[in-house]
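This report concerns only the one structure given below.
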Amino acid sequence: MASKLFGTDGVRGTANAYPMTADVALKIGMAAGAHFTNGDHRHTVVIGKDTRLSGYLLEPALTAGFISVGMDVILVGPMPTPAVAMLTRSLRADLGVVISASHNPFEDNGIKLFGPDGFKLSDATEETIEHLVHNGLDALRVGPERLGRARRMEDASGRYIEYVKGVLPRDRRFDGLKVVVDCANGAAYKVAPQVLWELGAEVIAIGVEPNGTNINKGCGSLYPERMQQAVVSHGADIGIALDGDADRIQVCDETGRMIDGDQLMGLIAMAWKREGKLQGDALVATVMSNLGLERYVERCGLQMVRTKVGDRYVVEAMREGGFNLGGEQSGHIVLGGQATTGDGLMAGLEVLSELVRCGRPASSLLHVFDTVPQLLKNVRMADREAAAAAMGSAAVQDAVTAAERRLAAAGGRLLLRQSGTEPLVRVMAEGDDAGLVSEIVNGLCSTIEREAAKEAA
């Protein structure tokens, strides 16, 4: 039986090892291209990537796959994931592809697919493409006269820059603001500093020297310490850190204190409500978002809708409910009507816009609500199968039941889940009693580790 290709965010793995090989990339290109070929028009796919060395391996393989089934290819080079989604819609393309493993180290890479509407594909569509990959592709090849063509688009970054700036009111500028932006040596290393500069900010740009192997390495949203230090040393008003494909944002205030995605979502929700832009009087967030955010939005007369972890599930809930704001505590923030996926730069502009409008320091403005004590720990496993086995054991299930009962009695909650991208079990608890939260998380982690050791013996 062929192993599963698609996870929670496309196909991902170690570069030049299954499934992130040129052979598999070519097959995905053929299968996805054939699936999205409908009608007699010239079919087009937009392919973007981040700055990983392995992009040079996967980009031509995908291109060959698409061309072999008659699809034209537009190559836009290193571009943020949300930019590729935007360009897919703007160019009336049939499909968009991003070659990126987001916040993972350079050794990994991934393939994300977007439909013609700029949204990530449904599970059902991914399953159809995966079936084609595993069940023969010869019949999909077109004759020599119908092969597709490939060309590079030189003005792709300029189109995205203008689009991002256009979401703000024309009279909104950032003159007088000093902003540190850490681009993680990734896909936004050119466009993010340029957008901020064109809007009038004084920009201190770091993480803008990609060499193929330094993406996310000690920088960006996963390692914000460099941004924090730069904010303090330069006397900046705020710091913004993006991840490798720029669909995620982390922020620190002028003192270097980190502000998580929950606070940013709370800020934007209230700004949009004030401006009459918030659709459905609701915010969509995942099960990981802090209970303090939920209490805050409810006090403000809004609803908080929770989803599974993953911005694709946030977007699905937004579309189903007619809502236009959602995101994750980790910094994926989706601004519906403006973007079809998380856009770190666009979310950052919303925060900066509020900073200018209010005239308050970030340390005051970005403390939107008091968080409830929350603790998240990861238990690393040998592989995903070991993680699933440990989670399914009777001892772990009994421990979970007891922990949920104790937390519920104290007004808290527990979340236990297997990572969709790594061999990890994530244990998260929150509640007003920090001591109880710590005791429960540590106890569950020990139980999981003990059960995993038994399975391995």
Side-chain angles (χ1 to χ4, degrees), residues 164-165 167-182 192-193 195-206 221 224-225 227-242 248-278 281 283 285 289-290 292-302 304 324-331 333 335 338 343-372:
V164 170
K165 286 164 46 184
V167 306
L168 295 179
R170 287 196 59 83
D171 61 351
R172 187 61 49 86
R173 289 183 55 83
F174 302 150
D175 299 270
L177 278 187
K178 184 184 289 189
V179 182
V180 170
V181 58
D182 184 344
V195 166
L196 296 172
W197 177 80
E198 289 187 15
L199 288 170
E202 180 182 345
V203 183
I204 295 98
I206 58 179
S221 63
E225 297 83 6
M227 169 191 68
Q228 293 171 280
Q229 293 167 2
V231 166
V232 175
S233 63
H234 288 276
D237 297 292
I238 195 169
I240 292 172
L242 306 172
R248 176 188 304 201
I249 185 175
Q250 289 288 322
V251 170
C252 75
D253 64 23
E254 78 280 5
T255 71
R257 182 175 66 92
M258 292 301 298
I259 311 294
D260 71 15
D262 284 344
Q263 298 284 350
L264 303 183
M265 286 190 289
L267 176 78
I268 297 170
M270 294 314 300
W272 281 21
K273 181 184 180 184
R274 184 189 66 247
E275 296 167 4
K277 291 167 51 178
L278 189 66
D281 281 339
L283 168 66
S289 277
N290 194 274
L293 174 61
E294 185 171 348
R295 293 174 179 174
Y296 169 73
V297 297
E298 289 177 351
R299 285 197 306 271
C300 296
L302 306 178
M304 188 159 118
N324 65 341
L325 179 61
E328 297 187 275
Q329 185 185 61
S330 60
I333 298 178
L335 307 174
Q338 301 174 5
D343 191 319
L345 178 55
M346 203 174 285
L349 297 188
E350 292 285 344
V351 174
L352 293 177
S353 181
E354 279 297 284
L355 204 61
V356 169
R357 188 191 68 82
C358 294
R360 293 160 53 193
S363 55
S364 169
L365 178 70
L366 300 182
H367 183 78
V368 180
F369 62 89
D370 293 328
T371 57
V372 171

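Just so it is clear, the structure is predicted and the values come from calculations on it, not from any experiment.
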Closest approach of [X] to [Y] (non-hydrogen atoms, all atoms of both residues):
X    : Y    : value
L242 : A192 : CD1-CB, 3.9 Å
E254 : P361 : OE2-CB, 3.6 Å
R173 : G200 : NH2-CA, 3.3 Å
V181 : P193 : CG1-CG, 4.3 Å
V180 : A236 : CG2-CB, 3.9 Å
Q263 : V368 : OE1-N, 2.8 Å

Residue list, side-chain hydrogen bond (donor to acceptor under 3.5 Å, both in side chains) with T371, at least two apart or on another chain: none

Just verifying a value: how many Å separate [X] [atom1] and [Y] [atom2], rounded to the nearest 0.5 Å?
X    : Y    : atom1 : atom2 : value
L366 : L355 : CG    : CG    : 7.0 Å
M270 : L325 : CE    : CG    : 11.5 Å
L302 : Y296 : CG    : OH    : 8.5 Å
M258 : Q250 : CE    : CD    : 4.5 Å
L345 : I240 : CG    : CD1   : 7.5 Å
N324 : K277 : CG    : NZ    : 8.5 Å

Donor + acceptor pair across side chains of S221, R248 (<3.5 Å): no

Over 12 foreign heavy atoms within 6.0 Å of CH2, W272: yes

Sole candidate of M227, Q229, E225, R257 that passes side-chain contact (heavy atoms from CB on, under 4.5 Å) when paired with C252: M227

Beyond-backbone contact of D343 with I249, side-chain heavy atoms, under 4.5 angstrom: no

pair D262-F369: side-chain heavy atoms closer than 4.5 Å: yes

Expected output: side-chain N290 to main-chain V372 donor-acceptor under 3.5 Å: yes

Flag, side chain of Q228 to backbone of G256, donor-acceptor distance under 3.5 Å: yes

salt_bridge(E275, R357) N-O dist < 4.0 Å: no

Residues in salt bridge (Lys or Arg N to Asp or Glu O under 4.0 Å) contact with K273, at least two apart in sequence or another chain: none

I238 vs L177, side-chain contact (heavy atoms from CB on, under 4.5 Å): CA-CA, chis, key distance, verdict: CA-CA 8 Å; I238 195 169; L177 278 187; 5.7 Å; no

side-chain contact (heavy atoms from CB on, under 4.5 Å) between L352 and L199, worked out: CA-CA 11 Å; L352 293 177; L199 288 170; over 6 Å; no

